[in-house]
Amino acid sequence: MILQIIVILVIALIVGYFINFVFIDGILQAPFADVFMAFCENILQLDYYAARNAYNVLFQQNKPFWLAIGFILLLLIIFYIALSRFTRYFHQISTGITMLADESEKEIHLPAELDFLEKKLNDVKNKLEKRAKDAQEAEQRKNDLVVYLAHDIKTPLTSIIGYLSLLDEAKDMPVEQKEKYVAVTLEKSNRLEQLINEFFEITRFNLQSIILEKDLIPLNYMLMQVADEFYPLLAPKGQKAIVKIDEDITIYADGNKLARVFNNILKNAIAYSHPNSTIEISANNENNQTWISFINTGKTIPPEKLKMIFEKFYRLDLARSSQTGGAGLGLAISNEIVQAHGGTITATSSDEKTVFTVKLPNNS
């Protein structure tokens with residue numbers, strides 16, 4: 001646009017000098033003078049000498065004035081043209097922003113001069129559309145999950161009521177049968193508690209803001225404690241969890257929340273590991289960061305699922321119902337906690353090896 005204005009100004013200068021050369025001091029001076037004098041004689045009723053004198057006074061002696069008038073008129077025309085272009089640009093930009101605000105599905109198109117702005121507006125439009133789609137999908141997954149959990153709560157609750165009714169009615173029931181019914185009732189009660197906790201988990205995840213209470217934590221001791229606590233889940237499938245840390249590593253973090261991260265990762269690794277396999281937990285310092293890795297052997301996770309594994313309410317295995325799986329919040333919450341510490345959590349999977357890596361800054 002600036003280049004166009006400079007070109008117009010140059011043209012204005014050329015036109016001004018051309019007018020001066022042709023009409024005032026140049027080849028058309030005489031015809032122009034004759035026309036002016038004829039106008040004075042015929043219309044204004046002046047004699048020849050008066051008309052010639054008027055020409056000399058108005059034009060010959062006031063050339064700078066007429067040139068200035070000409071340049072001013074040209075500048076006004078240039079200003080009008082430029083203002084019209086800018087007004088059109090603003091109108092088109094306003095239309096594009098309106099389309100953005102109205103969430104229009106059409107692409108935003110602007111003049112070639114505003115190509116950079118068109119690209120930025122369309123980038124913003126695409127990002128907003130993706131966020132809206134992701135939010136809608138997450139909301140739908142949450143709604144589906146709530147329906148599933150509400151339905152699944154009925155199953156253990158029905159069993160609990162049924163077995164308690166039997167125990168209440170049959171006062172003289174054999175001891176062995178009573179113990180069996182009590183064991184089943186306790187198992188169903190634990191499952192019911194788990195489902196109810198998942199309802200609260202959904203609410204807490206949507207409403208809470210993560211507040212960290214940091215302290216110095218010996219990482220080796222913490223990871224070994226986490227692995228020991230999962231022995232009851234590991235033993236039935238013949239699995240093992242081993243901790244490999246070559247050095248004493250201390251991190252400054254919120255121990256309770258970070259333990260929750262490791263618990264979620266290890267629980268996920270156990271669920272998707274082959275029977276009789278070993279889950280390796282390791283940690284080391286590198287590039288002013290602490291790296292904690294969980295490596296398990298199991299079915300390779302496809303890349304398209306790996307991208308969504310940290311999203312809310314996403315279940316890696318859709319065949320695992322809420323009767324056997326969780327709410328799909330564990331890894332999403334872990335990601336939020338790690339990010340609150342200024343770190344990252346990633347997952348890779350190939351050749352039946354899945355690796356979850358938590359990176360925490362040493363000064364976190």
Side-chain angles (χ1 to χ4, degrees), residues 138 194 197-198 200-234 239 241-245 248-273 279-296 298 301 305-316 325-349 353-364:
Q194 181 184 350
N197 286 338
E198 287 181 5
F200 285 111
E201 193 79 353
I202 294 171
T203 304
R204 284 199 299 268
F205 186 83
N206 285 332
L207 298 180
Q208 75 176 357
S209 58
I210 298 176
I211 300 174
L212 302 179
E213 297 179 4
K214 295 183 180 180
D215 200 355
L216 291 174
I217 303 168
L219 187 60
N220 188 16
Y221 173 77
M222 182 181 189
L223 291 174
M224 291 185 67
Q225 184 179 13
V226 169
D228 289 341
E229 290 174 354
F230 275 88
Y231 177 78
L233 290 180
L234 291 161
Q239 298 170 323
I242 59 174
V243 179
K244 294 182 178 179
I245 299 181
D248 292 331
I249 300 176
T250 302
I251 58 174
Y252 185 64
D254 187 318
N256 291 329
K257 290 185 174 60
L258 209 55
R260 187 176 184 184
V261 172
F262 299 150
N263 284 338
N264 286 333
I265 296 175
L266 187 53
K267 184 179 179 182
N268 186 81
I270 293 171
Y272 295 99
S273 291
I279 300 170
E280 296 181 7
I281 306 172
S282 61
N284 65 288
N285 285 324
E286 185 178 336
N287 297 329
N288 201 33
Q289 286 185 319
T290 300
W291 295 47
I292 305 103
S293 298
F294 294 75
I295 306 173
N296 69 280
I301 303 174
K305 291 186 176 181
L306 207 59
K307 293 178 181 178
M308 304 173 65
I309 202 168
F310 296 107
E311 292 187 8
K312 292 186 295 182
F313 312 112
Y314 178 75
R315 288 181 179 174
L316 181 61
L329 282 172
L331 293 178
I333 293 174
S334 298
N335 188 36
E336 295 283 338
I337 293 172
V338 172
Q339 288 183 358
H341 280 83
T344 59
I345 178 172
T346 56
T348 59
S349 186
K353 290 282 186 182
T354 299
V355 182
F356 281 85
T357 304
V358 176
K359 299 178 187 177
L360 298 172
N362 288 342
N363 58 351
S364 64

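Keep in mind that the numbers below use all heavy atoms, side chains included, and drop hydrogens, waters and symmetry copies.
- Shown here for Ile337 and His341, the closest heavy-atom pair between the two residues is O-ND1, 2.9 Å.
- Listed for the Asn264 side chain is no donor-acceptor partner under 3.5 Å among the backbone atoms of Leu331.
- In this structure, CG on Leu212 lies 11.0 Å from CG on Asn256, to the nearest 0.5 angstrom.
- Partners of Phe356 under the ring pair (Phe, Tyr, Trp, His ring centres under 6.0 Å) rule, at least two apart in sequence or in another chain, do not exist in this structure.
- Taking CD1 from Ile249 and CG from Leu223, the interatomic distance works out to 9.0 Å, rounded to the nearest 0.5 Å.
- Qualifying side chain to side chain donor-acceptor pair (under 3.5 Å) partners for Thr290, counting only residues two or more places apart in sequence or in other chains: Asn285, Asn362.
- Atom CG in Asn287 sits 9.0 Å away from atom NZ in Lys359 (nearest 0.5 Å).
- Applying the side chain to side chain contact (heavy atoms under 4.5 Å, CB included) criterion to Ala227, with sequence neighbours excluded, gives Ala241, Val243, Ile281.
- Counting heavy-atom neighbours within 6.0 Å of Glu286 CD, excluding the residue itself, gives a total above 12.
- In this structure, Leu360 and Val338 have side chains that are in contact, with non-hydrogen atoms separated by less than 4.5 Å.
- Expressed to the nearest 0.5 Å, how far CG of Asn284 lies from NZ of Lys244 amounts to 13.0 Å.
- Atoms CD1 and CG, from Ile217 and Leu258 in turn, are 6.0 Å apart once rounded to the nearest 0.5 Å.
- Distance check: Ser273 OG to Ile279 CD1 gives 4.0 Å after rounding to the nearest 0.5 Å.
- Heavy-atom minimum distance, Asn296 versus Tyr272: ND2-O, 3.9 Å.
- Remark: Tyr221 engages Pro218, Gln225 in a side chain to side chain contact (heavy atoms under 4.5 Å, CB included) (not counting sequence neighbours).
- In this structure a side-chain-to-backbone donor-acceptor pair under 3.5 Å is present from Asn263 to Ala259.
- You'll find the side chain of Val358 reaches within 4.5 Å of the side chain of Ile265, heavy atoms only.
- Among residues two or more places apart in sequence or in another chain, the side chain to side chain donor-acceptor pair (under 3.5 Å) test is passed with Lys353 by Thr297.
- By the ring pair (Phe, Tyr, Trp, His ring centres under 6.0 Å) test, Phe230 is found to be paired with no residue, residues two or more places apart in sequence or in another chain being considered.
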